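To start, the structure under review is shown below, and the notes come after it.
Predicted model only: the values in this text are computed from it and were never measured.
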Amino acid sequence: MEPVVTAIRQVPLEHYVALSFILFSIGLTGALFRRNTIIILMCLELMFNSVNLLLTAFSAHHSDPGGQVFVFFTMLVAAAEVTVGLAILVMMKRNVDSVDINQLNRLKG
Amino acid sequence: MNTTILAALVPGLPLLGAIVIAALRRSLKGNSAGLLGTLAIGSAFALSVMLFLGHDPAAGPYTAHLFNWIDIGGMHIPFAFQVDALSLTMMLIVTGVGTLIHLYSIGYMHDDARVSTFFALLNLFTFAMLLLVMGANYAITFIGWEGVGLCSYLLIGFWYTNPAYNYAARKAFVMNRIGDLGFVLGLAWLFNVTGSLTFTEVFDRVAGLGPDVLTGITLLLFVGAIGKSAQLPLFTWLPDAMAGPTPVSALIHAATMVTAGIYLIVRSSVLFELAPFTQDVVLYTGLVTALVAATIGVFQNDIKKVLAYSTVSQLGYMFVALGLGAYSAGMFHVTTHAFFKALLFLGAGSVIHALGGEQDIRRMGGLKGAIKVTHLTFLLGTLAIAGIPPFSGFFSKDAILANAFDRSPVLYALLLGGALITTFYMFRLYFLTFWGAYRGDKHPHESPAVMTVPLLVLAVLSVVGGLLNLPHVFGGHEPMKHFLAHAADGIGAERLHLEASTEWMLMGLSTALVVLVIALAHGRFAKKATLDPEADELPFLPRLLARKWYLDELYERLFEKPYGWLSTMFHRVGEGWVMVPLMNGAGRLTQRAGQVLRLAQTGNMSFYLFAMVAGIVVFLLMTLYGR
Amino acid sequence: MQYLFYLFAAISVLSGLFVVTARNPVNSVIALIVCFLSIAGHYILLNAQFLAMVQVIVYTGAIMVLFLFVIMLLNLNNSTEPQKTLLTRIAAVVAGGVFLLTLLAATRQGVEIAAANPADASVGLVSHVGMALFKDFLLPFEVSSVLFLSAMVGALMLGKKEKVAA
Amino acid sequence: MSALILTSVLGVVLLYLGLSGNKSILAPTAIVGLVAAGVMSWTGWNPGLMEFPTMLKFDQMSTLFNCAMIAVTVLLFLFGIDYYRRMEENVAEHYALMVFSLTGALILTSYTNLLMLFLGIEILSIPLYILAGGKKRSYRSSEASFKYFLLGSFATAFFLMGIALIYGVTASFDLAVIGQKVQAAPNNVLFLLGAFFVSIALSFKVGAVPFHFWSPDVYEGAPTLVTAFMATVVKTAAFAGFYRFLQMTAMPPALSDTLLVITILTLFLGNVVAMRQSQFKRLMAYSSIAHTGFLLMAVLANSAMSWSTLFYYTFTYALATVGLFIVLTLAKRAANGNEAIVIFRGLFRANPWLALVTMLLLLSLAGIPLTAGFVAKYQVFMLAIGAGFIKTAVFAVFMALVGIYYYVLVIREAFTPAEETPVLVVSPINWLVVSACGVAVVAFALWPVLVG
Amino acid sequence: MVLLALLLIPFLTALALMLARPTNTARHIALGSTIASLGLVALIWWSYVPGQTWVPVKFDWAPTLGLTFSLGYDGVSLLMLLLTALVFPFIIAAGYRQNLQHPSMVNALLLFTQSFLFGVFTAQNAFLFYIFYELSLVPVFFLLLYWGGERRRAITVRFFIYTLLGGLMLLFGLAYCVTQTAPISADFAVLHALRIPADTQVWLFWALFLAFAIKLPIFPFHSWQPDTYTMAPLQGTMVLGGVMLKMGLYGVLKFVFPIVPFGVEHWRDTVIWLSIIGALYAGIIAFRQQDLKRLVAYSSLSHVGLLCAGLFAWNVYGTGGALYQSFAHAVLVVSMLYIVGALKERTGTSELGAMGGLKGKAPRLAALFFLVMINAVALPLTQSFVGEWLMFNGLWQVDGWMAFAAVATIILGAVYMLYAYQRAMLGPDRWKMEMPDAGRNDHLYLVPLIAITLVLGLYPAPILDLVNGPVQQMLSTLTALN
């Protein structure tokens, strides 16, 4: 197992952090960028994944399984959220006949 | 009877009279109210005489302590009366002249529907006046001071349906109030430096005070005196005050209330003696007022207005006396003036009564045959005020002139000039009223006895009043001066030193000139009755005088109009444009902010997301670099 | 080995960008799947085998398919969906860029974190994760059932057609 | 712990009961179950169950919060009897979802582990996303639901990022461990970032500016009962969670400053915008934002008294809110579904007692003496001043004034005679609940000892 | 127990009125209640030992907040109790002529106010004070909202908010002070012993004072007042002007002077000048007011400016005089407003321009009006004079110019009062219709008030003795502090 450890150590932690930040920002930008709510949901998933990556990297760095367990829970929650989200989306499509985020502006003021 | 109770009864009886008459005013029919009122004052007079007789001048003032009025912290103001020479003099004048005027009023006000109210007020006035002169401290004096002002207001506006009378009443009250401003401040200052307002204590403590403080205090007190005694620049209310019934003019606006300022200064003579600057101010104010009022008097056509200006002028003389430090001379003139001016007013009232309300001398004339008693007494009064020996006015005025001469011949000359003008307009009044042909249309009739008897009594007093203070040159001992000297150290400190020959010369000069002026007046008014037209038609200088030097107009432009304007502006601009909009504006601004911020809630979710991200970025930067 | 990391990193970033920019939602889904797979690759590099597996199964296998399914269901697979205005899009990019820059700037000095435990390559193995999951994290595991239950109930409730169009 | 289990099971039971099709037993069952859970929570009854001290700790604070939240839920369910009478379908699901959400809330008050915080928040939120869309054919309801969901998920992403960063620094999710580690090495920028992100996400949950945008829209769009639930239980739980987080992981000063700015913004925006609302539910939403500002002040003061103040404030606020939403529903029915403030007009004529209680509740929200809201506000001021936030407190004073303004406007409507006096139909249970809220609001003011 | 009874008598009566809603007997019941209160206060006064602070009721309420339910009184409290108890029967009695709708509700609200006012004046705990202070607003709010005049909806809310602005600042200041105590307590005794740093006091002063500045109100915090006074029903104005503003005075004495003496020292001149400017300003404005009620509002504003200036003179004359004057002012406001009501009842208007010449028809009313008015212009031997006299002396000791400006207000007072009297009552009688003169009821109402005015003007000792002790004591502790 030793080579694995060294292999992990070869990539500095900062790079993982940076990568995670970049992915997170891409997701964030996408959420602002698009009108299609489904894409926005996907961007959110991307953000979750960037966090997962970060957690795993830290977990490996600390050699602590807790982080990975957390990632597992994140995935569960993400799955549940997606389920609910898509259900809401479907309901909304039925009512609004659109998944355009800009169409949702009856509640305001 | 105990002196304290006696002293308390003197103002107490008029008060009681006022209350009783006011309470029973609807059940009092006919003359009963008048009789009650006269009785109350008469008893007060009797008690005053008793006090006077029982008073030992050498023993100093007697203090009648009733109860503690204001007692808080270091301020102990007792409700107490002081009986001494000065207050006794004033008490006798007030109650004595007051009784006569009350009696007179029974006849004068006989037909008025509100005669009971009138007598109640008159009694109330006497009460207040007595408080003024009897108070053992400045606070009690001030109670009376304001009280007489109030009664004056009520009596001037007695015939309330006439708006002009109401205005005159209001003017009198407000001008008095302006004077009171000075009085109150003076008292506050005085209390602050001496810790007391009781006369005896104050006078003991003032010696150590600096001249600036004393000058300030006395000037403030003098402002009060100016208001009450109708001196420049606050005299314009007094002529207007003639709107009241004539007995009121006689009692309040001639004999008693207006002399309150003199009384105050005489009472405070200790202070004034220590403040020479103030004495000069008093002197010159009195001088200017005496002259200005006299000049105005020449062109007046209302019988009461002439008398009013003469009152103002005579008060000026009194102030001159006080300014010269001749307190007893001032008080002497107060006394004689009370006699002859009351007499003149009552006489004028009798004339007005006789003519059914006519007051314009241009519509009189030739009355000496129709109303003989009135004529006679009026003549005596006129002679007294003109200063013909041996009438009382001669002695009192001469005392003042002598004192003035002692100070400066110029002063003497000016005052003598004023006296001559006085003689001129008084005789103009007299001749136009009683001589020549009758120019009116009503049938004149003599007044009832209830009115003429007081006239006669006053006439006698006007004639013999000079005896009260007969000077040495006539073999007298100036009894009044010596009597008063016991009241306060200041009064005793007079310093007139004239040769007897100089005095004789001065008297001769003034008498001669007066006689000359009378002759002039006789020629001008007795035979042909030269009548002045309305003021507007006069040439400039007489018009200026007839229009009272345009002082009323000046005050109106300078104070009344701007005040009304200020009131409107404060309300419109201060409240309407600033205060209320400020308050509403704060609310409206908040609402506007709410309205604007509300727009942020667009309902658009992209915007929400964007705002969240923007917020996060900003706060992130703040967190990282904000500290 | 680290070259693999950079390779995967490049793939995930590029595919991530493609997710955002692709006009057709289906393309976005495909790109996202690629991205997730590359992240799974990272997991393997980090020796987190269990997570890599779950990543592939749950995300790419279940979640993304669900997305695809919904897109098809709602008939959104056209590439002509309306776009935001240019200004909004620039603003979005700027916001995201600033956010990223701030984060990077904050961590520029490097993240000096002492490892909490001695290096142990076996933490990511299924057995280790399982032990942690069922020992230390038993309660969350149980509690998450409530979460699933409610998500399930909710999805059913919302997805179910109304009985009558009353 | 037993209460937690009971509520979880209760949800399932309710779902099963829903299958039976008998609507009328749902609420009573739920209420009985909740009362039992409340009793368990209060007594700490825990027969042989495992304890997970690294995950959940039931201390005095959580016990009180839990009982309060359960009590408020019971009140809401009592109201639900009447509220759901007209609804044909999914009633059981509504009750169950609310119970599940409550479970999440219970976790939030007592967690000691970030994972539990995360799960708690999700369990709290996900049922709400669904409940907000409870009126399935309503456009507004769908919109509210979706907005809530999307923004909520967005916040969750930040939340996770924050947890990941904190974990990166401390290698643990346990708050106690984190606290120790941070004290050993303060000023770590990653930890600061992590704490910042978590705080932001929690600010979102409590509805702090500028992360509040969801709340007015969702409050308006969601069914009234759900709105009431969100404004009360959810807010309470979120604050309890927030407080625990900041309390147990010593907050960096830089973060405290930022949160103070957020507090000020929240106070300002919430109050000022509420002034301009004509819809009662939106008004309540903005006023809830405003109250968030006050509560944040208490949280930031970070003293030993903070939690009791938070508890007192949130509980009494919840009582007042529940009562008001019930009154709103009644008035709304009389006004044919209109939700504007004007519908309160003539309330005093129609039902004096109800108007009086409404006044009490509004006065409590406004913070006028002899109502609990006053005591609460006073405590917050004391905390803020004690923590040295003098200027913020002065600002809060002004904002409280603005707050009073819009509540008073509602009171004024209620006591202004209407041209046509509305006909209110008040069921006995609703009457009881509203009265209970009104009485409680005064009682808690008269005996503040009762709660803290 | 007596104090508890004092609070409970009006409170329970009000509650009973509200629940039973008798229409015909409501006023009688309310009147009875207020007279009972008056009797009780008289009893307290009778047994009072001068110079004492007496705290008979005290128990813990909420120790964590520093709140104790402690009631008690010293001379100043007693004075305030006395004036509240004395004025309220008249306020209730004014209702007999007003004939407002729903008399039981009106009277209940008034009685609630009275109860809370008693609470304010007996509270020995700052927090308790605050509670009563704010509560007293609530019944007034409804009184104004239901029975007010034009634009009542907007003005009522504005009044409420403006007053609460001060109230909340006070709460803040209170909270600040309480946090400085250990163990936490808001008892006045504890707060008065606080030693707050001088520079803190400088700003804390405004936190504590603002509420009272608005309540009184002094310039420039007065903008709510004229509208509110004018719009409010007569009885409401009586409550506001007669009693409620005295809470401000009392509050200054209880909160500001003892807790932030350095602050007072720092701001004293500012406050006095503001007050005097306000007094002059309002006095000038009052001159041209057309509406008699608004004129009374501005005149009250002017009087109150003087009151506040005297209070802040901070010596026994100024402060004592202000307290004495507050009593006089209460009597004055009630009687003055009654006259306003009586005139409106007869002429159907309160516009001065529309009146005039009423004295011919109603001479007795005119006489009563006049007697009331001489109190307003502070003529000697009326109550007002004693108060103003003391205040002038107090102000003089601070600064001669202050005294000068203050005395100038009495000139303005004379100007607008006499002008108003003249416009309303004097002049030619131009009323065609028959008009009742002041009758038995008017006499029953006004004569006692006027008698109080005159008697206490002639013999002010009973009230001054009440005030003297506490004020001197307070001042001596303050001097010791400096």
Please classify the contact of [X] with chain C as side chain, backbone, both or neither, using a heavy-atom distance under 4.5 Å.
X	result
A/Ile22	both
A/Glu81	neither
A/Leu19	side chain
A/Leu28	side chain
A/Leu41	both

Heavy-atom distance under 4.5 Å to chain A: side chain of [X], backbone, both or neither?
X	result
C/Leu133	both
C/Val29	both
C/Ser12	both

Stepwise side chain to side chain donor-acceptor pair (under 3.5 Å) check, A/Thr56 with A/Ser59: CA-CA 5 Å; A/Thr56 317; A/Ser59 165; over 6 Å; no

Taking atom types as modelled, find out whether C/His42 and A/Tyr16 have a side-chain donor-acceptor pair closer than 3.5 angstrom.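 Judged by distance alone, the side chains do not pair up.
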
[options]: which one forms the most heavy-atom pairs within less than 4.5 Å of chain A?
options	result
C/Gln55, C/Met131, C/His128	C/Gln55
C/Ile90, C/Val94, C/Leu73, C/Leu17	C/Leu17
C/Leu32, C/Thr21, C/Val19, C/Leu104	C/Leu32
C/Ala95, C/Cys35, C/Pro140	C/Pro140

So CZ of A/Arg34 and OG of C/Ser28: to nearest 0.5 Å the spacing works out to 5.0 Å

Any chance you could measure C/Asn47, atom CG, to A/Gln68, atom CD, to the nearest 0.5 Å? 8.5 Å

Tabulate, in ascending numerical order, the residues of residues 62-69 of chain C having at least one heavy atom closer than 4.5 Å to a heavy atom of chain A, or enter 'none'.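 Those residues of residues 62-69 of chain C which have a heavy atom under 4.5 Å from chain A are C/Ile63, C/Met64, C/Leu66, C/Phe67.
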
For chain C, find which of [options] contributes the most heavy-atom pairs closer than 4.5 angstrom.
options	answer
A/Ile40, A/Leu86, A/Asp64	A/Leu86
A/Val71, A/Asn49, A/Val69, A/Thr83	A/Asn49
A/Phe73, A/Phe33, A/Phe24	A/Phe33

More than 12 foreign heavy atoms under 6.0 Å from NZ of A/Lys93: is that the case here? yes

When you compare the side chain of C/Phe148 with that of A/Val77, does any pair of heavy atoms fall below 4.5 Å?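 Contact flag for A/Val77/C/Phe148 side chains = no.
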
Find out whether C/Tyr3 and C/Phe8 are in side-chain contact, i.e. whether some heavy atom of one side chain is under 4.5 Å from a heavy atom of the other.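 Not in contact.
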
Kindly say whether the aromatic ring centers of C/Phe50 and C/Tyr43 come within a distance under 6.0 Å.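 No, too far apart.
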
